[in-house]
Amino acid sequence: MELVVARIGRAHGIKGEVTVEVRTDEPELRLAPGAVLATDPASAGPLTIAAGRVHSGRLLLRFEGVHDRTGAEALRNTLLIAEVDPDELPEEEDEYYDHQLIDLDVVTADGTEVGRITEISHLPTQDLFVVERPDGSEVYVPFVAEIVTEIDLEEQRAVIDPPPGLIDDRAEIASAREDAS
């Protein structure tokens, strides 16, 4: 099974280093020197990590065969893909790989069907489930403990406790002005 573990950003300096947007909880394992990664687009790789370091809170990587800024800039926006055993599980109990979550049924705590997870969107602040509803529309569910209360891989379902307005149009609107009068 293939997992996207990072996206290459801009070139850093003149010696072929690039910034990377890490998309794995295990960068020390997946993005270590010597790791050989497939790429998307495939024509950019495979790439072998020659060195890595953290600079100002960002991971910088250098790849074998990329020795200057021009070569590094040519890799911008390339996805780095690691081959992972499909039976492998993340180290932490409450961590999941995207492939484990795709196609899970999403239900509310009272059993009401919401839909099916079709995609995981990895945003800078949090991850979102893209849930396809039975009518074909989509709803976005933040993957946070306050909303996603249970992931049951055996039953193939995710249980959510959505705030008003997340999956329906019955939002409760509170105004500070009403309290002041």
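Numbering of residues begins at 1 and proceeds along the displayed sequence.
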Between [X] and [Y], is there a shared hydrophobic cluster once you connect ILVMFWY residues whose side-chain heavy atoms come closer than 4.5 Å?
| X | Y | value |
| --- | --- | --- |
| Val114 | Ile147 | yes |
| Val4 | Leu101 | no |
| Val106 | Val144 | yes |
| Leu79 | Ile49 | no |
| Ile120 | Ile160 | yes |

Validation row: [X], [Y] side chains within 4.5 angstrom (heavy atoms):
| X | Y | answer |
| --- | --- | --- |
| Val130 | Tyr140 | yes |
| Ile8 | Phe63 | yes |
| Leu60 | Thr19 | yes |
| Phe143 | Leu128 | no |
| Leu80 | Leu61 | yes |
| Gln156 | Leu104 | yes |
| Arg53 | Arg62 | no |

With respect to Pro162, which candidate in Val139, Val148, Ile167 satisfies the side-chain contact (heavy atoms from CB on, under 4.5 Å) definition?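 That would be Ile167; it is the only one of Val139, Val148, Ile167 passing the side-chain contact (heavy atoms from CB on, under 4.5 Å) with Pro162.
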For the CZ atom on Arg133, are there more than 12 heavy atoms of other groups (residues, nucleotides or ligands in this structure) within a distance under 6.0 Å?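 Atom CZ in Arg133 is packed in, count exceeds 12.
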Can you confirm whether more than 12 heavy atoms, excluding those of Ile102, are under 6.0 Å from its CD1 atom? yes
Inter-residue atom distance [X].[atom1] - [Y].[atom2], 0.5 Å rounding:
| X | Y | atom1 | atom2 | result |
| --- | --- | --- | --- | --- |
| Glu17 | His12 | CD | NE2 | 5.5 Å |
| Glu64 | His67 | CD | NE2 | 8.5 Å |
| Asp127 | Glu119 | CG | CD | 11.5 Å |

[X] and [Y]: which non-hydrogen atoms are nearest, and at how many Å?
| X | Y | answer |
| --- | --- | --- |
| Thr48 | Gly34 | CG2-O, 4.0 Å |
| Val20 | Ala6 | CB-CB, 4.4 Å |
| Gly52 | Pro33 | N-CG, 4.4 Å |
| Val5 | Ala82 | CG1-CB, 3.8 Å |
| Pro46 | Val36 | CB-CG1, 4.1 Å |
| Pro134 | Glu113 | CG-OE2, 3.8 Å |

After noting the C-alpha distance and the side-chain angles of Val159 and Asp152, does the key distance pass the side chain to side chain contact (heavy atoms under 4.5 Å, CB included) rule? CA-CA 8 Å; Val159 179; Asp152 187 338; over 6 Å; no
Given Ile81 and Leu37, is the side chain to side chain contact (heavy atoms under 4.5 Å, CB included) satisfied, shown in steps? CA-CA 5 Å; Ile81 302 166; Leu37 302 168; 5.9 Å; no
Determine, stepwise, if the pair Asp135 / Ser137 fulfils side-chain hydrogen bond (donor to acceptor under 3.5 Å, both in side chains). CA-CA 6 Å; Asp135 65 5; Ser137 64; 2.6 Å; yes
Tell me whether Arg69 contacts the main-chain N or O of Gly13 through its side chain, where contact means a donor paired with an acceptor under 3.5 Å.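 Side chain of Arg69 to backbone of Gly13, a donor-acceptor pair under 3.5 Å: yes, one is there.
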For Thr112 and Asp110, test the side chains for any donor-to-acceptor distance below 3.5 angstrom and give the result as yes or no.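 Their side chains do contain a donor-acceptor pair, which is all the 3.5 Å distance test asks for.
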